[in-house]
Asker: 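Quick one: the structure is below, and I'll ask about it shortly.
Not measured: the values here are computed from a predicted model.
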Amino acid sequence: MDIQSEKLNLIEWITSLNDISIIEKIKDLRTKTTEDRIRIDEYSKELDEADAEIEKGEYLTHEDAVREIRSWRE
């Protein structure tokens, strides 16, 4: 079965629903999916920014980070 047929089957099923709890669960799923997509987009932007910083040499090596953290104790 192709995706268009699946969508039509879901639409038909949803239109026949009388149970509000199932409709609420579907709405929650849609909201969660949208929130996840936004979060993934944000992470992608952060990764792109990090890549750009690395390309410009704006990063600490592991050793530099350890040294900096140890200096906080002093």
Asker: When you look at CD of E12, are more than 12 heavy atoms from neighbouring residues, nucleotides or ligands closer to it than 6.0 Å?
Answerer: no
Asker: One thing to verify: whether K45 and D48 come together as a salt bridge, which I'm taking to mean a side-chain N less than 4.0 angstrom from a carboxylate O.
Answerer: no
Asker: Return the set of residues passing side chain to side chain contact (heavy atoms under 4.5 Å, CB included) with E42 (not counting sequence neighbours), or none when no residue passes.
Answerer: I38
Asker: Could you give the distance from CG (D51) to CD (E46), rounded to the nearest 0.5 Å?
Answerer: 12.0 Å
Asker: Any salt bridge between K32 and D28, counting N to O under 4.0 Å?
Answerer: no
Asker: Is any side-chain heavy atom of I11 closer than 4.5 Å to one of I14?
Answerer: no
Asker: Under 3.5 Å, is there a donor-acceptor pair between the D2 and S5 side chains?
Answerer: yes
Asker: Got a second to check how far I22's CD1 is from K27's NZ, nearest 0.5 Å?
Answerer: 14.0 Å
Asker: With the threshold set at 4.0 Å, does a side-chain nitrogen-carboxylate oxygen contact exist between E53 and K56?
Answerer: no
Asker: Where is the tightest heavy-atom contact between I26 and W13, given as atom of each residue plus distance?
Answerer: CD1-CZ3, 3.8 Å
Asker: A side-chain contact here means heavy atoms from C-beta on lying under 4.5 Å apart; do E63 and V66 qualify?
Answerer: no
Asker: Quick check for you: to the nearest 0.5 Å, what is the distance between K25 atom NZ and L17 atom CG?
Answerer: 12.0 Å
Asker: Looking only at heavy atoms, which two atoms of D64 and L60 are closest? And how far apart?
Answerer: CB-CD2, 3.9 Å
Asker: Do I40 and R37 pass the side-chain contact (heavy atoms from CB on, under 4.5 Å) test, and can you show the C-alpha distance, the side-chain angles, and the key distance before you say yes or no?
Answerer: CA-CA 5 Å; I40 288 168; R37 193 173 313 119; 5.7 Å; no
Asker: Which is it for I3 and K7 under the side-chain contact (heavy atoms from CB on, under 4.5 Å) test, yes or no, and what are the steps along the way?
Answerer: CA-CA 6 Å; I3 191 149; K7 288 180 194 179; 4.0 Å; yes
